[in-house]
**Student:** 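I'd like to ask some things about the structure below.
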Protein chains: 2
Amino acid sequence: MTNIRKVAELAGVSVATVSRTLKTPDIVSPGTRDRVLAAVEQAGYRPNLMAVQFRSQRTRNLVVLVPTIANTFFARVIGGIQEAAQRRGYGILLCNTLGDERAERAYAGMVSTRQADGLIQLRAYDPFGASSAEARPPMVNACEVLDEAPCPTVKLDNRAAARAVTEHLLSLGHRRIGMIKGPRNSPLTRDRLLGFQDALAAAGLAPDESLWCPGDFTLRSGHRAAGDLLSQSEPPTAIFCENDEMAMGALRRIREAGLRVPEDISVAGFDDIAFASFCDPSLTTIAQPAEDFGRVAVSLLLDVIDERDEAADQHCIMPFELVVRESTGPSA
Amino acid sequence: MTNIRKVAELAGVSVATVSRTLKTPDIVSPGTRDRVLAAVEQAGYRPNLMAVQFRSQRTRNLVVLVPTIANTFFARVIGGIQEAAQRRGYGILLCNTLGDERAERAYAGMVSTRQADGLIQLRAYDPFGASSAEARPPMVNACEVLDEAPCPTVKLDNRAAARAVTEHLLSLGHRRIGMIKGPRNSPLTRDRLLGFQDALAAAGLAPDESLWCPGDFTLRSGHRAAGDLLSQSEPPTAIFCENDEMAMGALRRIREAGLRVPEDISVAGFDDIAFASFCDPSLTTIAQPAEDFGRVAVSLLLDVIDERDEAADQHCIMPFELVVRESTGPSA
DNA sequence: TGCTTTGATGTAACCGGTTACATTTCGTTG
DNA sequence: CAACGAAATGTAACCGGTTACATCAAAGCA
């Protein structure tokens, strides 16, 4: 193991001079500098970053808690996080939590124990629980955010987006609109449901809970829920799914029932994942700037870490766009 | 910052006793142990893992280089890596390289500089280049592997799998079979092409390079390549795509051309991603144990890190399975 | 010449654990 | 009671950088 002392010996200088040559070359005389750099080269010296981190009490790593990496939307968010972090010289420690709060708390401990400088949580759960405000490690909550988040947040106006989708369906003449929801207890699902109801109320329609089906954001759950809706005595003429995976599951189930989309029934999704524009029929959905969620989250987190106070309580609302494709059409 | 010295003072013992109480409680007398644990509790002490890692020269982190996290197959592999690493007490530092060799070498440097104990590379590129055999940091190459990998590997017998798909198409009577390939220079693509040719040769058919289209594993490239194949004067009656994303892009393009799958043309994919069984028509494909790739890679890597020599040169071949669904049918 | 200033470099403390070795305590046995 | 061994605990070196402070030489100035 070549360390700084070996290099110092090789160059005939002190360890301080070696350190200075690498960190602040301008305060070292040119002659010494060259000798040190030659010694570094000769010894194949790479500073031991563990020592550097230990000394500076900074790891330049960020923990990212993701409910499930298999979800393509989260994959895009992570891509954005990774890119932004890399550009700022940070690495990301990825933790696939599968929504397990015990695992999330364990991973959050990596910040408390100095294995990472901060944490990005993509789910509505605070892994630091009742830590006193003083002791709270740097954290940012993105995508699915807590209502009273104790940290900066990055989210979509899910209520407005869901309302926009619903209004689109209403404008096509649909009056019986089914909904395939996400997991209960999720603020995200609650907000999308509220936006859905907002639109119905504005159109003078009474909410009909028999048309709301639970789901869990997977293809399979969308498939099953669509089956439940179709088997009702008076099935809906349109289905709003809280994400694209469930919408694609629903498309499949509808086809299996011998019905056509959108002629017999319309389907709308949420997220605009890559598959949304390639499936059959292509999906009407809400496009979100997934990568930007990640980039903004990193930016806010580094502000907190560096104690740039202006960021202490920032809450970003990201823009969305209704993308109308083939899966929605006039009510039969 | 509460550190071990504060706790020692609080408990009225030496730092060594505190350390021993936490690491090897059995060699500390019960009375002292209780006093120390009470002090730990009272001080809210959490050991600074940076210091522990620094001292032990182990970070218990693994770097994972993934070409693109947006690919659902890799997402599954990463899920397996994450799960296995977590179970063994390791964290994973995820690096989305987008195939950029400069970025890969930079990330690989995290191992050389002791920010991580080892590296899993999911692409056929050796980021440590010409490092002498002695100095090579622990590494495992999985999924797309180098031909002469200087480390343990985990891969599929891509040639045999491609041959199985092709034989399936041949058995349905197809004689003009198109192929949508992955990126050139990829051993994975080369092997799948070889398997494809093996099957054709065994059936007494001459290879026809005009039916081979380049792609890059994205939906879009499959879409474009399928367009190229369909516009030929004598289009193929079946298309074998080197992954499911491209196959789904092809499905879309074929539908846009007013043709039906599998009545007019058959399509086969590779990977069996979640969407493969939900798209329309569902995809005939090769199922791979994606999560197992990750688990095995972690296991081999930890063997190398812990210098269990038996693993030094292991090359695992993972099993595959041909899954026949709706997208392939008899030749017209 | 003598004194101060500036620039370059060296010395050693420090970060917070771990652990080899030294020391103390205590029980056991002749 | 002395002597010994085992168990419990303390002391301090150590990991590999960083950096405050000390030191020293050379230059500037009266």
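Reckoned from all heavy atoms, side chains included, excluding hydrogens, waters and symmetry mates.
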**Student:** Is it true that the NZ or CZ of A:R60 lies under 6.0 Å from the centre of A:Y90's six-membered ring and within 45 degrees of the ring axis?
**Tutor:**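 Yes; both conditions hold, so A:R60 lies above the ring face of A:Y90.
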**Student:** Check the pair B:Q121 / B:E144 against side chain to side chain donor-acceptor pair (under 3.5 Å), numbers first and verdict last.
**Tutor:** CA-CA 9 Å; B:Q121 163 67 300; B:E144 184 191 83; over 6 Å; no
**Student:** So if I define the base as every atom that isn't primed, P, OP1 or OP2, how would nucleotides 6-15 of chain D read as a B/S/- string at a heavy-atom cutoff under 4.0 Å?
**Tutor:** --SBBBB-BB
**Student:** Tell me the interatomic distance from B:L49, atom CG, to C:dT18, atom C1', rounded to whole angstroms.
**Tutor:**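 Distance, rounded to whole Å: 14 Å.
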**Student:** Among residues 106-117 of chain A, which contact DNA chain C at a heavy-atom distance under 4.0 Å?
**Tutor:**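 Residues of residues 106-117 of chain A under 4.0 Å from DNA chain C: none.
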**Student:** For atom CD of B:E101, is the number of surrounding heavy atoms from other residues, nucleotides or ligands below 6.0 Å larger than 12?
**Tutor:**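 Yes, enclosed.
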**Student:** Between P on D:dG17 and CE on B:M50, what's the gap in Å once rounded to a whole number?
**Tutor:**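 Taking CE of B:M50 and P of D:dG17, I get 14 Å after rounding.
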**Student:** How close or far is atom C1' of D:dT18 from atom CG of A:L22, stated in whole angstroms?
**Tutor:**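 So the CG-C1' distance, A:L22 to D:dT18, works out to 12 Å.
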**Student:** Ignoring hydrogens, what is the shortest heavy-atom contact between B:A297 and B:V140? Give both atom names and the distance.
**Tutor:**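 Taking B:A297 first and B:V140 second, the nearest heavy atoms are O-CG2, 3.9 Å.
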**Student:** Which pair of non-hydrogen atoms, one from A:F74 and one from A:T68, has the smallest distance, and what is that distance?
**Tutor:**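 Smallest heavy-atom distance, with atoms named: CD1-O, 3.6 Å.
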**Student:** Which atom pairs, donor and acceptor, lie under 3.5 Å between side-chain atoms of residues 79-89 of chain A and protein residues at least two apart or in another chain?
**Tutor:**
residue, atom, partner, partner atom, Å
A:Q82, NE2, B:Y107, OH, 2.5
A:E83, OE1, A:R295, NE, 3.2
A:E83, OE1, A:R295, NH2, 3.1
A:E83, OE2, A:R87, NH1, 3.0
A:E83, OE2, A:R295, NE, 3.4
A:Q86, OE1, B:Y107, OH, 2.8

**Student:** Mind listing the closest non-hydrogen atom pair of A:V13 and A:R35 along with its distance?
**Tutor:**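 Scanning both residues, the minimum pair turns out to be CG1-NH1, 4.1 Å.
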**Student:** Do the charged groups of B:D26 and B:R20 touch, with an N to O distance under 4.0 Å?
**Tutor:**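 Between B:R20 and B:D26 there is no salt bridge, as every charged N stays at least 4.0 Å from the carboxylate O atoms.
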**Student:** Round to the nearest Å and state the distance from A:I4 atom CD1 to C:dG10 atom C1'.
**Tutor:**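 Taking CD1 of A:I4 and C1' of C:dG10, I get 13 Å after rounding.
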